[in-house]
Amino acid sequence: MKKAIALLLAASMMTLAGCTSNTPAETAASTTAATVESTTGAATETTAPQLSLQEQMDSYWNDQLDTLLKTEAGYPKGNEGMGAVVLAIKDGEVVFENAYGYAHYFDADYTAEGSTYANPVYVKTEHPREMTTDTLFDLASVTKVMATTQSIMVLVDRGEISVDDKVATYLPGFEANGKGDITIAQLLTHSSGLPQWAPTFLYCDSKEEQLEFIKNLELNPEYKTDGSEPKYSDFSFMTLGFIVEAVSGQDMDVFAKENIYEPLGMTSTTYKPLDNGFTKEQIAATSLGNPYEYRMVDETNWEGCGYDCTKDAQAFASFDGWRDYTLIGEVNDGNAGMGGKGVAGHAGLYSTAHDLGILLQCMLNGGEYNGVRIYSPETVKLFTTRHTTYQENHTDKEGKPALSEEFGYGFKLDQSWMGVSATENVFGHDGFTGTTVFADPDNNYIFICLTNKMQAGFRKSTTNGADEDINNYYNTSAWVSWNMNQIVKDHLGI
């Protein structure tokens with residue numbers, strides 16, 4: 001039995017139970033009538049126990065997911081190499097928590113025939129390591145809302161900055177190339193006009209060099225800045241991280257730790273975990289080097305993968321910093337890991353489902369947790385209110401509102417992966433490494449699904465007939481997070 005941990009909430013107590021103990025939802029599970037034939041041929045009623053939530057979730061992972069990933073999603077290895085930790089909280093009480101699969105299963109064999117930076121050969125590691133509920137995950141872009149946005153919220157709440165302030169006020173030189181009027185609010189809503197992504201790691205060896213790179217960026221003239229058509233941008237959140245550092249006088253990781261994580265008792269949330277007391281045995285493995293980013297910048301062999309990096313051809317040809325080993329505790333994101341030395345506003349944070357549950361519950365509590373107030377209810381409301389108008393300006397082929405691309409300040413709202421009952425009040429974020437987190441104020445519900453989906457390998461195309469669908473690399477969210485969340489919500493009746 002996994003150990004039970006006590007998680008004190010401001011409003012109530014929630015107990016993080018191991019996978020073999022009954023949750024309140026399971027204890028209250030009803031029975032359903034089934035009709036069977038008696039030996040006399042007459043129909044008689046008997047009762048069969050309804051599957052508990054634990055049994056439903058286990059059945060999905062063990063009996064259905066592997067086939068779905070192979071036949072529907074196009075993953076030849078299915079869920080063989082991946083793992084997950086799932087946590088659901090309702091009314092301040094944990095209703096489900098469990099770990100599945102493996103934290104580390106595959107390594108790369110770069111000596112094997114045909115193995116390359118873009119397409120490493122996968123081999124099963126000698127000692128596969130099972131996932132536990134205490135495992136730390138590389139959160140990827142969940143960093144944007146669990147580190148950077150949280151830090152901006154603290155600074156706004158203290159009156160040290162305003163979302164309406166111009167970025168150049170805090171980062172002199174940022175105004176170059178027509179960026180002088182960009183505000184913090186535009187960064188938070190991905191409506192700044194900044195490029196979405198570029199391989200800074202080809203040019204930068206430090207955060208200082210990355211800041212200069214950002215100051216010299218040019219705006220994309222095709223991007224709208226009024227919130228009507230957000231363009232998701234890593235550069236927006238890299239810039240926000242630099243604002244936190246400029247205003248606070250502390251490195252991003254230090255500020256978040258001292259002002260958010262430590263006060264809330266989030267003892268397993270950190271940047272650079274291997275430098276902060278954690279071992280590789282406590283951390284989920286992610287990718288085997290950086291094959292996707294290699295593909296993104298190799299416009300000769302992988303044209304059309306990611307963003308257009310034609311102008312980076314010379315820097316790509318001379319770059320010798322590619323990683324050729326399994327990343328464990330070393331951030332997957334190339335700009336955060338190879339360019340920013342592990343700390344950035346858009347990626348780099350590590351945490352557990354347990355710790356993230358604390359922070360989301362703090363937000364549902366109006367900014368207070370276990371007697372510690374991080375920010376005010378007004379600040380929570382400001383950041384989780386919709387500030388973009390994507391759906392008002394976009395429809396699908398049938399004239400219906402397009403899938404939500406709406407943002408609060410930092411937080412994604414009403415996303416498809418939040419489930420069919422989600423409204424624009426639901427806020428959260430997802431990450432490239434396979435992480436999804438969200439909170440639903442309407443139902444006082446939190447769902448966290450952390451996976452190391454990169455261990456599942458490359459996805460074979462199921463749509464365009466190519467050998468590999470390069471634009472849907474490692475996309476398992478629709479089959480893991482979405483379905484497991486829906487099982488929980490259906491069980492709870494929300």
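Side chains are part of it too, since the values below use all heavy atoms of this structure and drop only hydrogens, waters and symmetry mates.
- Here the CD-CG distance, from Glu405 to Asp414, works out to 11.0 Å after rounding to the nearest 0.5 Å.
- Between the side chain of Tyr271 and the main chain of Ala344, a donor-acceptor pair closer than 3.5 Å is present.
- Proximity of Asp490 to Ile487: side-chain heavy atoms (C-beta onward) are nowhere separated by under 4.5 Å.
- Tyr203 is not listed as a side-chain neighbour of Glu209, based on a closest heavy-atom distance of 4.5 Å or more.
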Can I get a per-line list of side-chain donor-acceptor pairs under 3.5 Å for residues 189-196, giving both atom names and the distance, sequence neighbours left out?
unit_1: Thr189; atom_1: OG1; unit_2: Ala185; atom_2: O; d: 3.0
unit_1: Thr189; atom_1: OG1; unit_2: Gln186; atom_2: O; d: 3.4
unit_1: Thr189; atom_1: OG1; unit_2: Ser191; atom_2: OG; d: 3.3
unit_1: His190; atom_1: ND1; unit_2: Ser233; atom_2: N; d: 2.9
unit_1: Ser191; atom_1: OG; unit_2: Thr189; atom_2: O; d: 3.1
unit_1: Ser192; atom_1: OG; unit_2: Leu194; atom_2: N; d: 3.1
unit_1: Ser192; atom_1: OG; unit_2: Ser236; atom_2: OG; d: 3.4
unit_1: Gln196; atom_1: OE1; unit_2: Tyr223; atom_2: OH; d: 3.2
unit_1: Gln196; atom_1: NE2; unit_2: Tyr232; atom_2: O; d: 3.0

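- At distances below 3.5 Å, at least one donor-acceptor pair connects side-chain atoms of Thr71 with backbone N or O atoms of Thr67.
- Annotation for Met146 and Leu360: closest pair CE-CG, 3.7 Å, computed over non-hydrogen atoms.
- Checked by atom type and distance alone, the side chain of Arg295 pairs as donor or acceptor with a backbone atom of Ala118 at under 3.5 Å.
- At a threshold of 4.5 Å between non-hydrogen side-chain atoms, the residues Leu155 and Phe255 count as touching.
- Tested against Leu450, the residues Leu356, Thr352, Thr133 include a single side chain to side chain contact (heavy atoms under 4.5 Å, CB included) partner, Leu356.
- Qualifying ring-ring contact (aromatic ring centres under 6.0 Å, His included) partners for Phe242, counting only residues two or more places apart in sequence or in other chains: none.
- By the 4.5 Å heavy-atom criterion applied to side chains, Tyr100 and Tyr60 are not counted as neighbours.
- Here Cys309 contributes atom SG and Met296 contributes atom CE; the two are 6.0 Å apart, rounded to the nearest 0.5 Å.
- Taking the side chain to side chain contact (heavy atoms under 4.5 Å, CB included) definition, one finds that Ala108 meets it with Tyr110, Pro120, Leu288, sequence neighbours left out.
- At least one donor-acceptor pair under 3.5 Å links the side chain of Thr388 to the backbone N or O of Phe407.
- Residues that satisfy the side chain to side chain contact (heavy atoms under 4.5 Å, CB included) test with Thr125, not counting sequence neighbours, are His104, Asp107, Pro128.
- Side-chain contact between Leu327 and Met454: absent, with no pair of heavy atoms (C-beta onward) separated by less than 4.5 Å.
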Ser481/Asn485 under side-chain hydrogen bond (donor to acceptor under 3.5 Å, both in side chains): CA gap, chis, key distance, verdict: CA-CA 6 Å; Ser481 177; Asn485 166 51; over 6 Å; no

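- The main-chain N or O of Thr286 is found under 3.5 Å from a side-chain atom of Gln455 such that the two form a donor-acceptor pair.
- With sequence neighbours left out, the ring-ring contact (aromatic ring centres under 6.0 Å, His included) criterion links Tyr261 to no other residue.
- A donor-acceptor contact shorter than 3.5 Å links the side chain of Ser115 to the backbone of Asp109.
- Distance alone, capped at 3.5 Å, is enough to place a donor-acceptor pair between the Asp298 side chain and the Asn301 backbone.
- Here the CG-NZ distance, from Leu65 to Lys70, works out to 10.5 Å after rounding to the nearest 0.5 Å.
- Judged as a salt bridge (Lys or Arg N to Asp or Glu O under 4.0 Å), and not counting sequence neighbours, the contacts of Lys215 are Glu212.
- The CG atom of Asp253 sits 5.5 Å away from atom CG of Asp251, with the distance rounded to the nearest 0.5 Å.
- Side-chain contact between Met418 and Leu413 is absent, with no heavy-atom pair separated by less than 4.5 Å.
- Take Glu299 and apply the salt bridge (Lys or Arg N to Asp or Glu O under 4.0 Å) test, not counting sequence neighbours, and it matches no residue.
- Within the 3.5 Å criterion, the main-chain N or O of Ala147 finds a donor-acceptor partner in the side chain of Ser151.
- Residues Tyr390 and Glu229 share a closest heavy-atom pair of CD1-CA, 4.3 Å.
- Listed here is the closest heavy atom pair of Phe137 and Asn452: CE2-N, 3.9 Å.
- Evaluation of the side chain to side chain donor-acceptor pair (under 3.5 Å) test over residues 331-344, restricted to residues two or more places apart or in two chains, returns Thr200-Asn335, Ser287-Asn332, Asp333-His346.
- Remark: aromatic rings of Phe383 and Phe427 are distant, center separation not under 6.0 Å.
- Residue Ser141 holds its OG atom at 6.0 Å from NE2 of His429, rounded to the nearest 0.5 Å.
- Checked against the 6.0 Å centroid threshold, Trp302 and Tyr292 do not count as a close aromatic pair.
- Considering only heavy atoms from C-beta on, Ile182 comes within 4.5 Å of Phe174 through its side chain.
- Note that CG of Leu349 is 10.0 Å distant from OG1 of Thr435, once rounded to the nearest 0.5 Å.
- Taking the salt bridge (Lys or Arg N to Asp or Glu O under 4.0 Å) definition, one finds that Asp440 meets it with nothing, sequence neighbours left out.
- When atom types are taken as modelled, the side chain of Thr433 and the backbone of Asp138 share a donor-acceptor pair closer than 3.5 angstrom.
- Residues satisfying the salt bridge (Lys or Arg N to Asp or Glu O under 4.0 Å) criterion with Asp205, sequence neighbours excluded, are absent altogether.
- Remark: Thr267 engages no residue in a side chain to side chain donor-acceptor pair (under 3.5 Å) (not counting sequence neighbours).
- In this pair, Phe201 and Trp322 present their aromatic rings perpendicular. The plane angle is above 60°, beyond the 30 to 60° band.
- Of the possible donor and acceptor atoms, none in the side chain of Gln361 sits under 3.5 Å from a partner among the backbone N and O of Leu359.
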Chi angles and distances behind the side chain to side chain contact (heavy atoms under 4.5 Å, CB included) call for Tyr409, Thr149: CA-CA 8 Å; Tyr409 285 144; Thr149 300; 5.6 Å; no

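- When every heavy atom of Thr239 is checked against every heavy atom of Ile214, the shortest pair comes out as OG1-CG2, 3.4 Å.
- Inter-residue side-chain proximity for Asp234 and Lys144 is flagged as met; some heavy-atom pair is nearer than 4.5 Å.
- Here the closest heavy-atom approach between residue Gln150 and residue Phe411 is recorded as NE2-CZ, 3.9 Å.
- The side-chain tip of Lys489 does not point at the ring of Phe447 from less than 6.0 angstrom away and within 45° of straight on.
- Contact detail for Thr451 and Ala84: the closest heavy-atom pair is CG2-CB, 3.8 Å.
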Residue pair Asp134, Thr132: steps toward the side-chain hydrogen bond (donor to acceptor under 3.5 Å, both in side chains) verdict: CA-CA 5 Å; Asp134 296 325; Thr132 74; 4.8 Å; no

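- Residues passing the ring-ring contact (aromatic ring centres under 6.0 Å, His included) test with Tyr102, sequence neighbours excluded: Tyr105.
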